[in-house]
Amino acid sequence: MKLTILGGGGFRVPLVYGALLGDRGEGRVTEVVLHDLDAGRLSAVTRVLAEQAAQVADAPEVTATTDLDEALRGADFVFSAIRVGGLEGRANDERVALAEGVLGQETVGAGGIAYGLRTVPVAVDIAQRVARLAPDAWVINFTNPAGLVTEAMSRHLGDRVIGICDSPVGLGRRIARVLGGNPKEAWIDYVGLNHLGWVRGLHIAGRDELPRLLADPDLLGSFEEGKLFGVDWLQSLGAIPNEYLHYYYFNREAVRAYQQAEKTRGAFLRDQQAHFYEEMRNPDAHALAAWDRTRAEREATYMAENRETAGAGERDADDLSGGYEKVALALMRAIARDERTTLILNVRNRGTLSVLDTEAVIEVPCLVDANGAHPVAVAPLPDHATGLVCAVKAVEREVLAAAESGSRTTAVKAFALHPLVDSVNVARRLVEGYTDVHPGLAYLR
């Protein structure tokens, strides 16, 4: 089975390959094709993968190419993890927004909109190529903003594109763990959009254990989200929000922390990974050790400004292992082998949330089998969550419209309608600022 990884020179590709090395069942991936525009990054990542596979019998064969059509042709699965504009683009997204006093985070607020406007045209081109060159392939999208990009691609691939994210999985795992349950046996009642969802229940052996957690201040304050949001606020919500909702509920504090930080997250990762890729130019460097050292630092500093603002301290060791590669492997196995499972995924709504139309991509538990991912019926969101979901989905639709039409006016509208952008004038300046620094936005007229 052939797996094509777009963004194959990306830093987290070894996580995916490591998961593949541990998969020994029938119908496993035997061929991995890495595609990237940067041949140097491809070379570096290929070295890491070779060291990973050195002691593994029958490891999937790895090839690398800068030819997109060649990479896609004949693929059974396509894993899309591209970053249009690179980490320099992410750093610029943050800088331009923070100069206007608004959030520039990669997927939330002004930064997420700018990233989406750059990425959607590229993602649509990829979707059209997949439809032509590998019409039977399943596309697993991890390109951020994951929900927005998945919806853009779904207009060309239908239900054969599925978005994944490790945030809901990590959240459910932490809740189950603190309740003394096995995360693999827990049913997570989670619903929303990507990076904008809530756990409303967690069922172990058929019983919802979330009320017990919410009623126990010590237990509730003992894990990441309890520390991040505070016990009182979680009890007020009656739910556990995805960690990215910290940017909404504590926006002023988050913006201040990012403005005061020595470096933004994007600038930190840009410099950190530049050092890694530079190190890989030395043919004597130990690629896997260098990658693992860099990865550990990356994971430990994740959302550091938010945790500092909340006084949440360091991340727990159990939360440093990532997880999206496990979701990707479980999704591929369920489809390729008809190993039915339940995963929280980004899929078309199909009436699951009545406040959104059927084509809107949402993040929700899905039953997965050989025919793809099927969203599970969920209870309606409370009004406060419905308001946020509808507002952000409306912004996503304006981003898609701007990317399709090239309308600068529509791009301004997308920024202005976002709950975390507080002025139409700010929205206009954001569009000006982003088009000045991003060649990928030259299409906006």
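T435 contributes a side-chain N or O that, together with a main-chain N or O of E432, makes up a donor-acceptor pair within less than 3.5 Å. Side chain of E151 to backbone of V361: a donor-acceptor contact under 3.5 angstrom is found.
A distance of 11.0 Å separates CG in D67 from CG in L37, rounded to the nearest 0.5 Å. Taken from CD in E279 to CZ in R281, the straight-line distance is 12.5 Å, to the nearest 0.5 Å. One distance of note links CZ of R270 with CD of E94; it measures 9.5 Å at 0.5 Å rounding. Annotation: the span from I113 atom CD1 to E398 atom CD amounts to 10.0 Å, rounded to 0.5 Å. Here N92 contributes atom CG and T264 contributes atom OG1; the two are 9.0 Å apart, rounded to the nearest 0.5 Å.
Side-chain contact check for L15 versus W291: some heavy-atom pair is nearer than 4.5 Å. Looking at heavy atoms from C-beta onward, S43 lies out of side-chain contact with M280 at the 4.5 angstrom threshold. Between I362 and L193 there is a side-chain heavy-atom pair separated by less than 4.5 Å. Contact annotation: the side chain of E363 approaches that of I344 to within less than 4.5 Å [non-hydrogen atoms, C-beta and beyond]. Side-chain contact between F223 and R177 is absent, with no heavy-atom pair separated by less than 4.5 Å. Taking the side chain as every heavy atom from C-beta outward, V102 and F415 never approach each other to under 4.5 Å. Taking 4.5 Å as the limit, every side-chain heavy atom of V327 sits out of range of all side-chain heavy atoms of E325. Looking at P168 and N194, their side chains never come closer than 4.5 Å, going by heavy atoms from C-beta outward.
Exactly one residue among R348, R155, R397 makes a salt bridge (Lys or Arg N to Asp or Glu O under 4.0 Å) with E359. That residue is R348.
Of the N and O atoms on the side chains of N141 and T150, at least one donor lies less than 3.5 Å from an acceptor on the other residue.
Heavy atoms only, all atoms of each residue included: L68 and R129 are closest at CD2-CD, 3.4 Å.
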Going through the checks in order, is the side chain to side chain contact (heavy atoms under 4.5 Å, CB included) test met by L171 and R173? CA-CA 5 Å; L171 174 55; R173 183 176 63 231; over 6 Å; no

Carefully, step by step, assess V376 and W187 under the rule side chain to side chain contact (heavy atoms under 4.5 Å, CB included). CA-CA 12 Å; V376 175; W187 171 266; 4.0 Å; yes

For the pair V13 and V48, evaluate side chain to side chain contact (heavy atoms under 4.5 Å, CB included) and give the outcome as yes or no after the intermediate values. CA-CA 9 Å; V13 168; V48 177; over 6 Å; no

Salt bridge (charged side-chain N to carboxylate O under 4.0 Å, His left out), that's the test. Do R174 and E224 meet it? Break it down for me. CA-CA 8 Å; R174 287 189 289 274; E224 177 86 355; 5.9 Å; no

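Listed by chain and residue number, nothing satisfies the side chain to side chain donor-acceptor pair (under 3.5 Å) test with K2 (two or more places apart in sequence, or in another chain). Listed by chain and number, the residues in a side chain to side chain donor-acceptor pair (under 3.5 Å) with D38 amount to none (sequence neighbours excluded).
The aromatic rings of F229 and F250 sit tilted relative to each other, their planes meeting at an angle between 30° and 60°.
Ion pairing between a basic and an acidic side chain is recognised when a charged N comes within 4.0 Å of a carboxylate O; E396 and K393 show such pairing.
The 12-atom threshold is exceeded at CD of E51, counting heavy atoms of other residues, nucleotides or ligands nearer than 6.0 Å.
The side-chain tip of R90 does not point at the ring of Y115 from less than 6.0 angstrom away and within 45° of straight on.
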